[in-house]
Number of protein chains: 2
Amino acid sequence: MAKAGLTEEAVRQAAIAIADKKGLNQVTLKAIADRLRIKTPSLYTYVDGLPGLNNLLAVYGLQYLRNELAEAAVGLSGKDAVHAMGSAYIRFARENPGLYEAAQWVNKWQDERTEKLSNEIIDLVGKVLAAFPQAEKDQTHLIRMFRSICHGFASLDRNHGFGMPVSVEESFFFAIEMMLAGIQSKYGENAG
Amino acid sequence: MAKAGLTEEAVRQAAIAIADKKGLNQVTLKAIADRLRIKTPSLYTYVDGLPGLNNLLAVYGLQYLRNELAEAAVGLSGKDAVHAMGSAYIRFARENPGLYEAAQWVNKWQDERTEKLSNEIIDLVGKVLAAFPQAEKDQTHLIRMFRSICHGFASLDRNHGFGMPVSVEESFFFAIEMMLAGIQSKYGENAG
DNA sequence: TGACATTCCTAATATTGTTAGGTAATATCC
DNA sequence: GGATATTACCTAACAATATTAGGAATGTCA
């Protein structure tokens, strides 16, 4: 019996490929094993069962998302940075649907890593929004608003919730613009 | 063997109870059957397997949500109507977590009924937002923005995505306020 | 009472996840 | 280079759930 020479990385990639193509609920140990040409129990060498696999995907997805968001805002500030980060978020969810779905399950597989990554993402968002004037008590509100818009668009888009023949990217840009315009009208025009 | 005298309604309610208490992925035919004191195969009298059950929940959830949204806006207009509808949305998702989750699966169990209900909800949202001045081309953008905020807040809230000790209701109110302020700053102050 | 439909059941099968333990290939140590 | 330990993968077996087939008990109505 020749050895396949697998790694946790290979298992993860197989899982992601299935998740992106057929949805996260189609990611079964059987499907992964078939794809890797091994038997199901062999996967337990690399992954702690199905829960462990899901946790793996959640952590990887959050890392990936955090890196994309951080990269998107490099060298930008004000409105540009906010738009760039938002666009990166939507793009990530669209290009990695399975991974994005897995990353949403953080609550279910909560451990230190996912909590830490979530906080890092919130910090990133907080930084690009800090350029706008705001009452201190509104800072959390604003971060939550931005995250909700991003996640809401990504989620509805992924679930085919947008039926009208209008560009989702344009709608998203509009939403960010309205959000920033609202802030500026509340706190003054010399912002961003 | 005494007959239980069940109905589709009873099966649905059992499924909802489990979904709300333990999450939608815990809604198995086995769990429902146990709760109703019958055997699993007996459920096939009322429901077309697990896919049929999920479809049932999605339809029921959308109907429920549509009714709540319609009721919330009765007798109100302008900003009040928008806030009321948004609050009703968040409240629905919080008080009926399992049903809300099921309603999000519309895409997976898409049939005429779910499509019709989705459109009805979008129409309701469109009506309360129509009171605000806007370019015709921005109407879809605005409806999408509102839906994304509602769904984003509801979803992150449900997944324990909001860790800060700040009221989610206040954050949501803030978000709607900023959205409306953004519109008004773009299209004029004599709105709402 | 007897034909019939309905409701619920048992029995059987398929799929998936999981554990236990074995075998063969590979790496390590003298 | 050979003994030994580790590793990678396997088969076997079992549990849980979904589903289908078909049977028995219950209720309805002429």
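Here is how names work: the chains are called A, B, and so on, in the same order as the sequence lines, proteins then strands, and each is numbered from 1. Just so it is clear, the model here is predicted, and its values are computed rather than measured.
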Between [atom2] on [N] and [atom1] on [X], what's the gap in Å once rounded to a whole number?
{"X": "A:Gln26", "N": "C:dT15", "atom1": "CD", "atom2": "P", "answer": "14 Å"}
{"X": "B:Leu53", "N": "D:dT17", "atom1": "CG", "atom2": "C1'", "answer": "14 Å"}
{"X": "A:Arg37", "N": "D:dC10", "atom1": "CZ", "atom2": "C1'", "answer": "17 Å"}
{"X": "A:Asp34", "N": "D:dC10", "atom1": "CG", "atom2": "P", "answer": "11 Å"}
{"X": "B:Glu8", "N": "C:dC8", "atom1": "CD", "atom2": "P", "answer": "14 Å"}
{"X": "B:Asn25", "N": "C:dT16", "atom1": "CG", "atom2": "P", "answer": "18 Å"}
{"X": "B:Ile38", "N": "D:dA25", "atom1": "CD1", "atom2": "C1'", "answer": "16 Å"}
{"X": "A:Lys39", "N": "C:dT15", "atom1": "NZ", "atom2": "P", "answer": "14 Å"}

Inset, instruction - May I have all residue pairs that pass ring pair (Phe, Tyr, Trp, His ring centres under 6.0 Å) and include part of residues 5-59 of chain A, sequence neighbours excluded? - result: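 Applying ring pair (Phe, Tyr, Trp, His ring centres under 6.0 Å) to every pair that reaches into residues 5-59 of chain A, excluding sequence neighbours, yields nothing.
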
Inset, instruction - Determine: side-chain N/O of A:Ser42 to OP1/OP2 of D:dC10, distance under 4.0 Å, yes or no. - result: yes

Legend entry - Connected-component partners of A:Met164 among ILVMFWY, side-chain separation under 4.5 Å: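 Besides A:Met164, the hydrophobic cluster comprises A:Val166, listed by chain and residue number.
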
Legend entry - Side-chain ion pair, A:Asp123 and A:Lys127, N-O less than 4.0 Å: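 Looking at A:Lys127 together with A:Asp123, the answer is no, because their closest N to O distance does not fall below 4.0 Å.
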
Can you list the residues that meet the side-chain hydrogen bond (donor to acceptor under 3.5 Å, both in side chains) rule with [X], with sequence neighbours excluded?
{"X": "A:Arg147", "answer": "none"}
{"X": "B:Ser155", "answer": "A:His151"}
{"X": "B:Arg94", "answer": "B:Asp157, B:Glu169"}
{"X": "A:Asn96", "answer": "none"}

Inset, instruction - Please confirm whether A:Phe153 and A:Tyr89 have ring centers closer than 6.0 angstrom. - result: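 Ring centres of A:Tyr89 and A:Phe153 not closer than 6.0 Å.
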
Legend entry - Partner set under ring pair (Phe, Tyr, Trp, His ring centres under 6.0 Å) for A:Tyr64, not counting sequence neighbours: A:Phe92

Legend entry - Overall bend - the helix from C:dT1-D:dA30 to C:dC30-D:dG1, comparing terminal axes fitted on five pairs, nearest 10 degrees: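 Nearest ten degrees gives 0° for this helix.
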
Expected rows: protein N/O vs nucleotides 17-19 of chain C N/O, under 3.5 Å:
| from | atom 1 | to | atom 2 | distance (Å) |
| --- | --- | --- | --- | --- |
| C:dG17 | OP1 | A:Leu29 | N | 3.4 |
| C:dG17 | OP2 | A:Leu29 | N | 2.9 |
| C:dG17 | OP2 | A:Lys30 | N | 3.1 |
| C:dT18 | OP2 | A:Tyr44 | OH | 2.8 |
| C:dT18 | OP2 | A:Leu50 | N | 2.8 |
| C:dT18 | O5' | A:Tyr44 | OH | 2.8 |

